[in-house]
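In each ligand, atom 1 is the first atom listed, and ligand 1 is the first ligand listed.
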Amino acid sequence: MLRKLLFITSLLLLLCSCQESKTQLVEDPEQENIRALLALPDHMPLPYIPKYNPLTKEKISLGRRLFYDKKLSANQTQSCGSCHFQALAFSDGKVTPTGSTGQLLARNSQGLSNVLYHTTFTWANNTLPDIEDQLQIPIRADAPVELGVTDQYIDEVLARFSTDPVYQTMFAAAFPEDGAVTMNKIVFSIASFVRTMISANSPYDQFIAGNDYAITPAAKRGLALFNGEKFECFHCHRGINFSNSYRDINTDPVAISFEFFNVGLYDTDSTGSYPRIDQGLYEVGFNPDHRGMYRPPTLRNVELTGPYMHDGSITNLRDVIKHYSDGGRNVTTGRYVGDGRYSPLKSALVQPFSASEQEIDDLIEFLNSLTDQDFITNPKFSNPHQEP
Ligand code: HEC
Ligand code: HEC
């Protein structure tokens with residue numbers, strides 16, 4: 001017994017000594033491989049990767065090529081990259097985008113920083129646990145059309161890739177067992193590429209990694225406000241990704257909860273309705289209590305992902321903060337007149353508070369410290385079709 005104890009103690013000591021320089025627990029080779037493929041720095045937790053789609057460098061490079069290839073839309077006019085631009089942290093700067101057939105979408109294009117830590121995808125959906133599930137929508141959906149690869153077009157689209165020698169080689173390398181081009185393989189590869197979109201070298205990251213001078217005193221004041229009980233931001237935007245939607249390799253899948261919030265942007269009928277075109281989580285199960293509920297988006301690179309909110313209805317960060325300090329939005333003109341501040345469905349965490357211009361400036365300075373220049377210029381994420 002004693003010998004066993006001693007053995008355990010020495011093992012612990014051993015573990016501790018090799019951990020000295022690392023904040024993470026000792027990782028097995030498979031986990032180290034994931035960390036290497038993602039170029040994940042030590043301060044970022046190991047993500048969850050579904051077992052059915054292990055990460056490989058071949059899938060990642062195939063996924064990158066597909067992400068930027070307009071052949072992936074039925075009429076060959078759009079790729080994923082048409083709505084997700086690297087320079088804008090993979091958002092598109094528009095209020096809401098237009099799909100490949102010209103249909104205007106109801107929702108603002110999301111940035112794609114650190115998407116792999118989310119527990120469910122899009123602005124408001126609790127039925128898409130993996131990126132693989134979500135990607136069916138932009139590729140396959142017909143209402144609204146994004147890339148428009150509906151059943152009618154699927155064979156034609158797959159043939160574009162299976163007859164292309166570059167893709168033949170890449171599919172064979174990514175799926176050595178059977179390199180035939182299928183929609184699943186396309187989705188698995190693009191999901192693998194999207195997982196590599198890690199933003200972890202902003203001034204804020206450098207600050208939490210130990211460089212006290214990486215962010216300004218104003219940004220530090222802003223961070224304190226963000227995490228304080230007056231502004232309340234951290235209740236919904238928390239953790240490494242500034243969202244409540246979070247899982248990593250250690251998260252128990254059974255314990256995952258999906259919290260969505262109504263932040264009082266609208267109340268078109270005094271019972272809490274949002275504009276009919278999009279009522280958030282309500283669209284998934286038509287539960288009237290879910291009207292106006294959305295997932296708190298990540299705030300990483302938020303300086304670059306405006307206009308803001310699910311419908312792009314707030315132009316800049318100052319106005320977003322004023323929205324919160326007003327305790328919601330009173331829409332006084334136009335089609336959606338109504339006072340979101342008094343919506344019965346608004347989250348109790350969104351209450352009016354007084355914010356000085358100085359405090360708002362500080363908070364914006366903090367939010368801007370989440371902008372990661374490496375992320376938006378990293379050649380790993382750029383369009384490979386444009387390489388010399
Ligand atoms: C026509 C514009 C458009 C195209 C094309 C498009 N997207 Fe999107 N993307 C959006 C919009 C809008 C949303 C938000 C959708 C929602 O909330 O319903 C989104 C959401 C996402 C998300 C969810 C992010 C999150 O944080 O949950 C991912 C991932 C994504 N897109 C990746 C892709 C990939 C990969 C492709 C190509 C297969 C693609 N998109 C094509 C506009 C587009
Ligand atoms: C009750 C939870 C909650 C609180 C508290 C909260 N947020 Fe949000 N935040 C959300 C949700 C949900 C959305 C998306 C709402 C929508 O689109 O309808 C959002 C959206 C945003 C956006 C837009 C991001 C984008 O990409 O469009 C910013 C910026 C933001 N919040 C910052 C803040 C700040 C700063 C605070 C503190 C003053 C704060 N939030 C407090 C839940 C919250």
When you check the gap from the basic side-chain N to the acidic O, do [X] and [Y] get nearer than 4.0 Å?
X	Y	value
R195	E132	yes
D326	R341	no
D69	R160	no
E156	K71	no
R140	D151	yes
R247	D252	no

### Message
If the contact criterion is a heavy-atom separation under 4.0 Å, does L66 count as touching ligand 1?
### Response
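Outside the 4.0 Å threshold, so no.
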
Select one of side chain, backbone, both or neither to describe which atoms of [X] lie under 4.0 Å from any atom of ligand 1, heavy atoms only.
X	result
T298	neither
L135	side chain
S79	backbone

### Query
Below 4.0 Å from any atom of ligand 2, is there a heavy atom belonging to W123?
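A heavy atom of W123 does come that close to ligand 2.
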
### H235 heavy atom under 4.0 Å from ligand 2
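Heavy atoms of H235 never come under 4.0 Å of ligand 2.
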
### Message
Polar contacts were defined as any N/O atom of the residue lying under 3.5 Å from an N/O atom of the ligand; does this apply to H310 and ligand 2?
### Response
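Yes, H310 has an N/O under 3.5 Å of an N/O on ligand 2.
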
Which of the atoms in ligand 1, numbered in the order shown and given with their element, are less than 4.0 Å from a heavy-atom of [X]?
X	answer
T122	16 (C), 17 (O), 18 (O), 23 (C), 25 (C), 27 (O)
H118	26 (O)
Q78	1 (C), 5 (C)
I190	35 (C)
F67	35 (C)
L147	5 (C), 37 (C), 38 (C)
G99	1 (C)

How far is [atom] from the closest protein heavy atom, and which atom is that?
atom	value
atom 29 (C) of ligand 1	Q134 OE1, 3.3 Å
atom 26 (O) of ligand 2	T305 OG1, 3.7 Å
atom 25 (C) of ligand 2	Y308 CD2, 3.6 Å
atom 12 (C) of ligand 2	Y294 O, 3.3 Å

Relative to [Y], does [X] satisfy both conditions: NZ or CZ under 6.0 angstrom from the six-membered ring centre, and within 45 degrees of the ring's axis?
X	Y	answer
R329	Y266	yes
R291	Y274	no
R65	Y167	yes

### Query
Hey, mind stepping through K220 and D212 against salt bridge (Lys or Arg N to Asp or Glu O under 4.0 Å) and telling me if it holds?
CA-CA 10 Å; K220 287 178 194 169; D212 200 34; 3.3 Å; yes

### Task
Sort by chain and number the protein N/O/S atoms that are closer than 2.8 Å to atom 8 (Fe) of ligand 1, and list them.
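The answer, once waters are left aside, is H84 NE2.
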
#### Entry: Aromatic plane relationship, F353 with F231 - under 30° parallel, 30 to 60° tilted, over 60° perpendicular
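Plane angle between 30° and 60°, so tilted.
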
### Task
Look at the aromatic rings of F121 and H118 and report parallel, tilted or perpendicular, splitting at 30° and 60°.
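Ring orientation, 0 to 90° scale: perpendicular.
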
### Message
Could you work out, with side chain to side chain contact (heavy atoms under 4.5 Å, CB included) as the rule, every residue matching L104, not counting sequence neighbours?
### Response
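Listed in chain order: T96, T98.
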
### Task
Give yes or no for whether the N/O distance cutoff of 3.5 Å, strictly under, is met between N108 and ligand 1.
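No.
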
#### Entry: Any N/O pair R107/ligand 1 closer than 3.5 Å
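Between R107 and ligand 1, an N or O pair is found under 3.5 Å apart.
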
Which of the numbered atoms in ligand 2 are under 4.0 angstrom from any heavy atom belonging to [X]?
X	value
S347	1 (C)
L265	16 (C), 18 (O)
L317	29 (C)

### Message
For Y52, I'd like to know if atom OH has over 12 heavy atoms of other residues, nucleotides or ligands within 6.0 Å.
### Response
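Yes, OH of Y52 has more than 12 neighbouring heavy atoms, counting only those of other groups under 6.0 Å.
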
#### Entry: Polar protein atoms near atom 8 (Fe) of ligand 2 [N, O or S; cut-off under 2.8 Å]
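Listed by chain and number, the nearby protein N, O or S atoms are H237 NE2, Y324 OH.
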
### Query
Stepwise, does the side-chain contact (heavy atoms from CB on, under 4.5 Å) test hold for D372 with I376?
CA-CA 7 Å; D372 181 352; I376 60 170; over 6 Å; no

### Query
Are a donor atom and an acceptor atom from the side chains of N75 and T77 found within less than 3.5 Å of each other?
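Their side chains do contain a donor-acceptor pair, which is all the 3.5 Å distance test asks for.
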
### Message
Do Y294 and N125 pair up side chain to side chain, a donor and an acceptor below 3.5 Å, judged on atom types alone?
### Response
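No.
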
### Query
Got a sec, which residues hit side-chain hydrogen bond (donor to acceptor under 3.5 Å, both in side chains) with Y117, two or more places apart in sequence or on another chain?
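By the side-chain hydrogen bond (donor to acceptor under 3.5 Å, both in side chains) rule, Y117 matches no residue at all.
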
### Task
With S199 as reference, evaluate D205, D374, N301, N378 under the side-chain hydrogen bond (donor to acceptor under 3.5 Å, both in side chains) test and give the passing residue.
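Checked D205, D374, N301, N378 against S199; only one passes side-chain hydrogen bond (donor to acceptor under 3.5 Å, both in side chains): N301.
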
### Message
The test is side-chain contact (heavy atoms from CB on, under 4.5 Å); show your working for I186 and V181 and say whether it passes.
### Response
CA-CA 7 Å; I186 290 176; V181 178; 4.3 Å; yes

### Nearest-option assignment for atom 5 (C) of ligand 2, heavy atoms, candidates E232, K346, M309, M293
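Considering heavy atoms of E232, K346, M309, M293, the nearest to atom 5 (C) of ligand 2 sits in E232.
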
### Task
Check for a donor-acceptor pair, side chain of R300 on one end and backbone N or O of I240 on the other, with a separation under 3.5 Å.
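The answer is yes, because a donor-acceptor pair under 3.5 Å joins these two groups.
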
